[in-house]
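Take a look at the structure set out below.
These numbers were taken from a predicted model, which means no experiment stands behind them. Order of the sequence lines fixes the chain letters, A, B, ..., with proteins taken first and strands second; residue numbering starts at 1 for each chain.
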2 protein chains.
Amino acid sequence: MNKKDKKYLENYSIHDFDIPLTSVDMVIFAMINAKLNVLLVERVEAPQQGMLALPGGFIDLQKDEDITATAYRKLYEKTAIKSPYLEQVETIGNKSRDIRGWSVTVLYYALINVDKIKQQKSQNSVWMPVEQALKIPLAFDHIELIEKAQNRLREKTLYTALPVELMPELFTLTELQTVFETILAKKLPIKSFRRRILNANILHATDKSKLSGKRHAQLFKSTGIDREYYFPRTLVL
Amino acid sequence: MNKKDKKYLENYSIHDFDIPLTSVDMVIFAMINAKLNVLLVERVEAPQQGMLALPGGFIDLQKDEDITATAYRKLYEKTAIKSPYLEQVETIGNKSRDIRGWSVTVLYYALINVDKIKQQKSQNSVWMPVEQALKIPLAFDHIELIEKAQNRLREKTLYTALPVELMPELFTLTELQTVFETILAKKLPIKSFRRRILNANILHATDKSKLSGKRHAQLFKSTGIDREYYFPRTLVL
DNA sequence: GTAATAGTGTCTTTGAGACACTATCCC
DNA sequence: GGGATAGTGTCTCAAAGACACTATTAC
C-alpha cells in the first residue's frame, strides 16, 4: 500500500457510501424418491418471518475469507456436508427484491449425494420437490432464484455428467439415466445413454450388482472426475 | 408488506450490519488492428490513484433499477454505446482484493463493434491489447478479472457465434475467421469454418464484395441472432 | 504467365439416435 | 414358459476435420 492510500484509508468509512445489502443464497439439490428436491428453511426473523426461503445470509466479514467460503459455510450450517459440488450461478441485484431496499444476492447451487442427507442436522429446514416449491409462495424472489439454478443444472446436464453428483455411493446405469431424465424432463434412448456414459470413462465398474425386481443390474461408482468431464456432443432437447 | 415487516423496517438501519463494499467491473472487448483489445481507465482517486483499472464503480441506489443497469451505465459513460453484447461473468468477493476491506465485485464483459469505438467520448481511457494489459500492473485484482472474462469469451467461442458481435457492419468470412482464431489462439480449418457459419444461418449475404489484395471476397452482415445461436457441436482446443 | 487470396468437392471419422434384438432373473 | 428388467448389435445420419482442388484478381 502506498502513502496516499494509507492517508485515504484513515479518513475512509464504509458508511460514507450508499451501498446495497449483499447476501448469498443457496439452492441445494438432492434426489429424493425419484424427484429433484430443494432444501428450504423457515425464516425465523423479519422480514418475511415465517415464510419458506432458500438457505442463505450475509457474509461474515470476520470468518469468511471469500464469498465461496460464505456459500460453503451456509451449506454446512444446514446440511453438515463439507464438500459437495458447488457452483455460482448468477448475481441478482435490484431495488425491489427486498423490502429493506437495494439488495444484491450471489446465487449458488449445490448437488448433494442422497446418502448424506440423512446425517443432516436440519432443525427448521425441509426438503421439497422442486416442482412443488415453485408453486407455493416463497420469501423474496426465491422462486425465480430456484428457476435460475434449475435452468443452469438442466443446461449443464445436456453436456456434462454433473448429475452423477446426486447419486449414492453405488448405483446402476439405469438409475443414473432416470436422474438425467428427471432433470431434463425427457426420456433418453437407453443405448445412446449407456454408450455416452461408458465412453466418458468417468465411472468405475464394480463387481457388485443390484436386484430391483428381475435381472441383476451392475453397480458403478463415481471416480469423482465427472465434475470436469464434457461430452463431445450436446444433447438436444 | 405485512405489519411485522413494517414495524421491523422502522427500526432498521443498513449500518447495523457489517457489510462489504459491492461494485461492478466491466471488461470491454473490441478488435483493433487484428488484436483483441480491452478498455482501461486511469484511476483519478485513491485508492490506487494513477493506476490503470477496469471501468467500473458502485451501484447508484437512486438511478440504477438493477445491477445490469449499473453495468450498462458504466459502459455508456466510457464508450457512449447503448446496447452492445453484455454478459455477467462471475462475482468475486474476498477480504484482500481491496485495501478498504471486504469487497465484492460483479464482473461483466461486453463486446463492442469496432465501428463504434471511434465515436467514443473517452477522456482518460485507453484501449490496450489484452496480451499487453495482462503484463502490466493493474489496480486491485483486475488482471485476474480480465483473465476470467477472456476465458469466458474463449469458451463461448467454441460453441457460439458470439465473435460476430466484434465485427463491423460488413465483413468477409475470412475476417470473421481471423477474429475467431485470435480469440481461440488457434488456426481453424477454412472449409469447416465456412460450413459451420453458413449452416448456422446467422449471417446475411450481401451483393457487395471487398478487395483485400487479390480476389474479391463477399461481404456479409450480422442478422443479430448470433447471440442466441449454439452450434450443434463444440470445437476442441 | 505467377502469386496471392477466396472458395469448393469430397472422403473419413466420430458420436448421437433409432430400433430390433438378446440375456438373466423370478414366479 | 411368461413377464420384467438389463443390456447389446448395428444401421443411419449430421457435422467436424483433412486435404486436394478450383476461381478470381493484380501484377
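With respect to the salt-bridge test (charged N to carboxylate O, under 4.0 angstrom), the residues A/K156 and A/E87 qualify. A salt bridge does not link B/E181 to B/K186: none of the charged nitrogens lies less than 4.0 Å from a carboxylate oxygen. Remark: A/K95 does not engage B/D66 in a salt bridge, criterion side-chain N to carboxylate O under 4.0 Å. Using a cut-off of 4.0 Å between Lys/Arg side-chain N and Asp/Glu carboxylate O, B/K210 and B/E175 are scored as salt-bridged.
A/F193 has its CZ atom 14 Å from the P atom of D/dT8, to the nearest Å. Distance A/F220 CZ to D/dA6 P: 12 Å, rounded to the nearest Å. The distance between atom CD1 of B/I197 and atom P of D/dG17, rounded to the nearest whole Å, is 13 Å. B/L235 has its CG atom 11 Å from the P atom of D/dA18, to the nearest Å. Nucleotide C/dG17 holds its C1' atom 15 Å from the CZ atom of A/F231, rounded to whole Å. Remark: P of D/dC13 and CG of B/N199 are 17 Å apart, rounded to the nearest angstrom. Between the CD1 atom of A/I190 and the C1' atom of C/dG17 there is a distance of 13 Å, given to the nearest Å. Whole-Å rounding puts the A/Q177 CD to D/dA6 P distance at 10 Å.
When the shell of 6.0 Å around CD of A/E131 is examined, it contains 12 or fewer heavy atoms from other residues, nucleotides or ligands.
Counting any heavy atom pair closer than 4.0 Å across all strands shown, A/S192 reaches a base atom. Within the 4.0 angstrom heavy-atom criterion, no nucleotide atom of any strand lies near B/L173.
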Short N/O separations, protein against nucleotides 23-27 of chain C, under 3.5 angstrom:
| from | atom 1 | to | atom 2 | distance (Å) |
| --- | --- | --- | --- | --- |
| C/dA23 | N3 | A/R215 | NH1 | 2.6 |
| C/dT24 | O4' | A/R215 | NE | 3.4 |

Could you list, one pair per line, each protein nitrogen or oxygen that sits under 3.5 Å from a nitrogen or oxygen of nucleotides 9-11 of chain D, together with the distance?
| from | atom 1 | to | atom 2 | distance (Å) |
| --- | --- | --- | --- | --- |
| D/dG9 | N7 | A/K191 | NZ | 3.3 |

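In this structure, the nucleotide among C/dA6, D/dA15, C/dG17 sitting nearest to the side chain of A/V236 is C/dG17. For B/P189, the side-chain atoms get nearest to D/dA18 when compared with the rest of C/dT14, C/dG7, D/dA18.
Below the 3.5 angstrom threshold, one finds a donor paired with an acceptor across the side chain of A/R233 and the base of C/dT14.
With a 6.0 Å cutoff to the six-membered ring centre and a 45° limit on the axis angle, B/K82 does not count as a cation-pi contact of B/Y72.
Between the CD1 atom in B/I32 and the CH2 atom in B/W127 there is a gap of 5.5 Å [rounded to 0.5 Å].
Checked against a 6.0 Å centroid threshold, the rings of A/F180 and A/F193 count as neighbours. B/Y159 and B/F231 have their aromatic ring centers separated by at least 6.0 angstrom.
Taking 4.0 angstrom as the limit, A/R196 places a side-chain polar atom (N or O) nearer than this to OP1 or OP2 of C/dA16.
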